[in-house]
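Please read the structure below before turning to the comments.
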Amino acid sequence: MRGKKKSEFSINGTKIEKGENRRVLLNRYELPTNSIIEIPVHVFRSDQKGPVILLSAGMHGDETNGIEIIRKIITRKEISELKCGSIIAIPVINIVSFLFGSRELPDGRDMNRCFPGTKRGSLGSRIANDLMKHIIPLIDFGFDFHTGGSKINNHPQIRCTFDFPDNLKLAEIFSAPLIINSSYREGTLRHEAAKKEKPILVFEGGESLRFDYLSINEGVNGILRVLSHFGMIDANIPKNPVVKLAKDYWVRADESGLFHATIPNGSHVREGDMIGVICNPYGSIDQKLIAPKSGWIVGVNNQPVVHQGDALVHIGMEE
């Protein structure tokens, strides 16, 4: 959190003064039909000094839980009356994919592999460039909200890099039930922001295109804990008993068939516990899934029909 911020608080040429709340545009982008799409950015500024926090969601158009989390936050009265600091909230980064309910951009690319982007690149690259140019220089840190992939239900979790104490401290303040050590990936917002010394933590919960209210509530409460910790709002949200997971692995299918998980998402399992079964359509059980090591279930594949090699149960292990 030692990166330098711009002295003037402006986004794409629009200046936002202290004590002002405004809805501005990250930029405008042209589609093949000559239609114009715009990415709204909600800015809430107190007249008192404090941290500048980014809240972003909709990096993938099918990740609706994160979008709902930020929608709930920006409609709260205390957010429009911050006691100190500022919030930059982007409910939907990937507007085009959101319209189609898809993960990828129209050209098949992953928006979260387009960073840092270029001014004259693809649509995803242009959006990434604008985020890096107009948003990242303003912030101290941020939270990027995601869900599991197609049919993968993630237990509410926050991902950060344990090697950086600032990241782990923010994760502990947010207090999601699970904190997972997650290394940086090339081309992601989190990685490029880290190069600018701007920590961004990733919250994951639920699955794509399906509201998961446990995850939504945990995401909202996590933000409120952070804002309260830094004196930006008055809130008293009890913390979760947090589990820190240093490593993780997937249990995969050795057989094809119909998959049934037999233990709840988010629960603790011991080495040797049965965590699921794969049945064939004609009555028999072909495989019992056994936990090879003790740990916590952080995600479950909800796809009923599975093939050999499919990732089925995601397990995280404490140090």
Side chain to side chain donor-acceptor pair (under 3.5 Å) evaluation trace for Asp248 with His314: CA-CA 7 Å; Asp248 59 282; His314 194 188; 2.7 Å; yes
Nearest-0.5 Å distance that lies between atom CD in Gln308 and atom OG in Ser256: 4.5 Å
Asp144, Ile67, Leu55, Ile39 screened by side-chain contact (heavy atoms from CB on, under 4.5 Å) with Ile90, the one that passes: Ile39
Side-chain H-bond candidate by donor/acceptor type, Ser122 with Arg109, under 3.5 Å: yes
Within 6.0 angstrom of Arg113 CZ, more than 12 heavy atoms from elsewhere: yes
Polar side chain donor-acceptor pair, Asp310 to Gln303, under 3.5 angstrom: no
Salt-bridge present (Glu17, Lys15; N to O < 4.0 Å): yes
Test item: Phe203 and Asn65 side chains (from C-beta on) under 4.5 Å apart, heavy atoms: no
Non-hydrogen atoms of Lys72 and Arg76 that approach each other most closely: O-CG, 3.2 Å
Residues that Phe143 engages under ring-ring contact (aromatic ring centres under 6.0 Å, His included), provided they are two or more places apart: Phe174
Ile152 reachable from Val298 in the ILVMFWY side-chain graph, under 4.5 Å edges: no
Arg103 with Glu63: basic N within carboxylate O range, under 4.0 Å: yes
Face-on cation placement of Arg45 at Phe9 ring, 6.0 Å and 45° thresholds: yes
Neighbour count above 12 (heavy atom, 6.0 Å) for Lys195 NZ: yes
Chi angles and distances behind the side chain to side chain contact (heavy atoms under 4.5 Å, CB included) call for Asn240, Arg225: CA-CA 11 Å; Asn240 288 307; Arg225 290 187 195 102; 3.7 Å; yes
Cluster check Phe164, Ile53: I/L/V/M/F/W/Y, side chain < 4.5 angstrom: no
